[in-house]
Amino acid sequence: MQGRVITKKFFNRQTCVVAENLIGKYLVRRRGRKIIAAMITEVEAYDGVKDRASHAHKGRTERNKVMFGPAGFWYVYFVYGMHWMLNVVTGDRGYPAAVLIRGVQGVSGPGRVTKFFHINGSFSEKPSAKASGLWIEDRGAAVEKSAIKKITRIGVAYAGPVWSKKKYRFLYDNKS
DNA sequence: ACGATGATGAAC
DNA sequence: TTCATCATCGTA
């Protein structure tokens with residue numbers, strides 16, 4: 001099974017638009033001859049320096065610099081001493097934004113996603129493309145907008161009353 | 001409900 | 001160089 005590889009143009013839009021449209025796409029990983037693929041079911045958007053929940057809020061640092069670059073690159077970072085988080089950079093160069101991939105079909109939670117796909121920090125700053133071994137495909141899955149729930153982000157209480165309540169989490173719910 | 005576990009960034 | 005914090009998860 002294969003689909004159309006998603007390219008930069010898709011990612012170079014407003015981060016919430018990219019986030020919503022990532023639901024139903026497939027995350028694909030190649031390791032040697034083996035392919036791992038699963039449909040994306042949950043994501044979160046992080047939108048600019050103004051977003052108090054975003055790593056970019058405190059400005060450019062060694063860790064988050066890829067967020068300030070062009071769209072379509074991976075941002076992978078380590079948290080809580082044990083988990084890798086997978087994000088893809090969105091929007092224009094100079095505008096720091098990204099989408100966190102929180103879940104795929106059968107795998108719930110961002111730390112579990114990276115474990116399942118064997119993703120670590122070595123992917124950070126690499127492009128989402130076949131050449132990097134990690135990319136996203138459109139496999140034609142039909143996802144109705146009404147099946148996508150927009151809810152608050154997880155683990156961002158530190159962002160304050162306004163930014164922690166933004167409905168920047170997109171969850172595919174085919175039970176509704 | 002809570003501890004694991006270590007990189008990161010800011011303060012000193 | 002020290003320290004608090006952290007876009008989480010497994011076990012209880």
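Every chain is numbered from 1 and lettered A, B, ... according to where its sequence line falls, protein lines coming before strand lines. As a basis for the values below, the full set of heavy atoms in this structure was taken, side chains included, without hydrogen atoms, waters or symmetry mates.
Atom CZ in A:Arg60 sits about 12 Å away from atom P in B:dG9, given to the nearest Å. In this entry the distance linking NE2 of A:His55 with P of C:dA7 reads 4 Å, nearest Å. We find that NE2 of A:His57 is positioned 15 Å from P of B:dG9, with the value rounded to whole Å. Regarding A:Lys58, its NZ atom lies at a distance of 15 Å from the P atom of C:dA4, rounded to whole Å.
Contact annotation: A:Tyr75 does not reach the phosphate of C:dA7 (side-chain N/O to OP1 or OP2, under 4.0 Å).
Between atom CZ of residue A:Phe117 and atom CZ of residue A:Phe123 there is a gap of 11.0 Å, rounded to the nearest 0.5 Å. Here the OH-CE distance, from A:Tyr95 to A:Met67, works out to 9.5 Å after rounding to the nearest 0.5 Å.
The aromatic rings of A:Trp84 and A:Phe78 sit tilted, their planes meeting at an angle between 30° and 60°.
In this structure, C:dT11 forms a base pair with B:dA1, meeting either the Watson-Crick or the G-U wobble geometry with both donor-acceptor distances under 3.5 Å.
You'll find the side chain of A:Phe11 reaches within 4.5 Å of the side chain of A:Ile136, heavy atoms only. Inter-residue side-chain proximity for A:Arg13 and A:Asn21 is flagged as met; some heavy-atom pair is nearer than 4.5 Å.
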I'd like a table of atom pairs between the protein and nucleotides 8-12 of chain C - only N or O on both sides, under 3.5 Å - with the distance next to each one.
{"unit_1": "C:dT8", "atom_1": "OP1", "unit_2": "A:Arg102", "atom_2": "NH1", "d": "3.1"}
{"unit_1": "C:dT8", "atom_1": "O2", "unit_2": "A:His83", "atom_2": "NE2", "d": "3.0"}
{"unit_1": "C:dC9", "atom_1": "OP1", "unit_2": "A:Gly109", "atom_2": "O", "d": "3.4"}
{"unit_1": "C:dC9", "atom_1": "OP1", "unit_2": "A:Pro110", "atom_2": "N", "d": "3.2"}
{"unit_1": "C:dC9", "atom_1": "OP1", "unit_2": "A:Gly111", "atom_2": "N", "d": "2.9"}
{"unit_1": "C:dC9", "atom_1": "OP1", "unit_2": "A:Arg112", "atom_2": "N", "d": "3.3"}
{"unit_1": "C:dC9", "atom_1": "O4'", "unit_2": "A:His83", "atom_2": "NE2", "d": "2.9"}
{"unit_1": "C:dG10", "atom_1": "OP2", "unit_2": "A:Arg112", "atom_2": "NE", "d": "2.8"}
{"unit_1": "C:dG10", "atom_1": "OP2", "unit_2": "A:Arg112", "atom_2": "NH2", "d": "2.3"}

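With centres under 5.5 Å and a plane angle under 30° as the test, the ring of A:Tyr77 is not stacked against the base of B:dA7.
Across all strands shown, A:Arg63 has heavy atoms under 4.0 Å from sugar-phosphate atoms exclusively, and none from any base.
Judged by the 6.0 Å and 45° rule, A:Arg29 forms no cation-pi pair with A:Phe116.
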